[in-house]
Each structure stands twice: as C-alpha cells, then as structure tokens.
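First up is the structure itself, then whatever we jot down about it.
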Amino acid sequence: MSKSGPRLPRLIAFDLDDTLWFPEMYLLIGGAPFRKDKQGRLISSGGEEVELYPAARACLKELATSPKYKDIKVVFASRCHETDWAYTCMDLLDVCDGVSVSQCLNEGGVFQGGSKQGHFAELKRRTGIEYEEMVFFDNERWNITEVKKLGVTCVHTPNGMQAGQFEKGLALYAEKWA
Ligand SMILES: [Mg+2]
C-alpha cells in the first residue's frame, strides 16, 4: 500500500442483468413503457418492478461521489438483447437523490452478443486502458471465466452485487500489484 492507499483500477465494468439489477430484462413479461410509481419504484408495462441490488446502489454511489474514485472509468458490459429497455432502466433507476445509474456509468458501455471477451476488447480499444487495469463484476460464471483469461480482475456475483463484493474486487486488484 502506498501513502495514498491501495492501488485502484482505472476501469470498473459491471454486467447489468442480475448483477446491478433484477429481474433480467428477458424475464420481464411486460417491458416498455416503464414508469415510476409514487414511491419512485421502476415498474414495467406488465406491472413488474425492476430493482437495483442494494449493494449495487451503494457501490455506484460510492464511485460517483467519493473523491478517491474520481479517476476511475465506470462502465457496463452487457449481453442484454433488450437494449432500449436497459437504457431506459439506467435512466430511471436512481442511485441517490438526483443521480441515475446512467450518470454513474459515465463512460457508457457495450452491448454485444457472444463472449464477453469481445466487450472487453471494445472497452480497451475505446479507453486505451489495459485489461490488467480493469475490474469486472458479473453474475454468470462463464463470463467471469472468459474475461479472467484476458487478465481482468473478476468477481463472480451469482446472486447479484452483495455487500462486500465491491470491496473484494478492489482488494483482489490491489493484491495483484502488491
Ligand atoms: Mg447478468
């Protein structure tokens, strides 16, 4: 650890479906139009609620507001086919007062089919950041296995983002450079 604390990644990528939020878009019976109800909940046309995992909300907020994370690019890497729905959900889900998920994912992200290795090749091309300087969270083991091969620090989140997993990702990353 240096004086300024453990080494931080330059880029953090999150899967969307069942990593940041649930249910997965393809499981929704109704999709667009989405609306916010009086309690601020995001509701599909089928009456289903789309929710952020509390730990996902907490780490997105932390990344968006803590000065120590200000140089980290935060992105998504998703294989979701319902991309319009996903963009709408990112716009309508709030992380904290006046800050949406879209605003936290300040560098946008990629939607692609196939292996997530392709997503990371695109993220690397776009940002100029090496795989070794990235951290990735995803609920699917296959994605984790594939992306790990590139040299990205990966955390498997089989039940969506849970308390401690964000910190685990940062700790694994820092250990790699220790
Ligand atoms: Mg997923």
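As the structure lists them, so they are numbered: ligands from 1, and atoms in each ligand from 1. Model, not experiment: these values are computed from the prediction.
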Original post:
Are any non-hydrogen side-chain atoms of E51 and R41 less than 4.5 angstrom apart?
Top reply: no
**OP:** Examine all N, O or S atoms of N139, backbone included, and report whether one is under 2.8 Å from the Mg ion (ligand 1).
**Re:** yes
Subject >> the Mg ion (ligand 1) - name of the N/O/S atom of D17 that sits closest to it >> reply: O
Original post:
Charged N to carboxylate O under 4.0 angstrom, K36 versus D94?
Top reply: yes
Original post:
Are any non-hydrogen side-chain atoms of Y53 and F22 less than 4.5 angstrom apart?
Top reply: yes
**OP:** Scan L60, L20, T65, L63 and name whichever one has a side-chain contact (heavy atoms from CB on, under 4.5 Å) with C104.
**Re:** L60
Original post:
Mind checking whether the Mg ion (ligand 1) has an N, O or S of D15 under 2.8 Å?
Top reply: yes
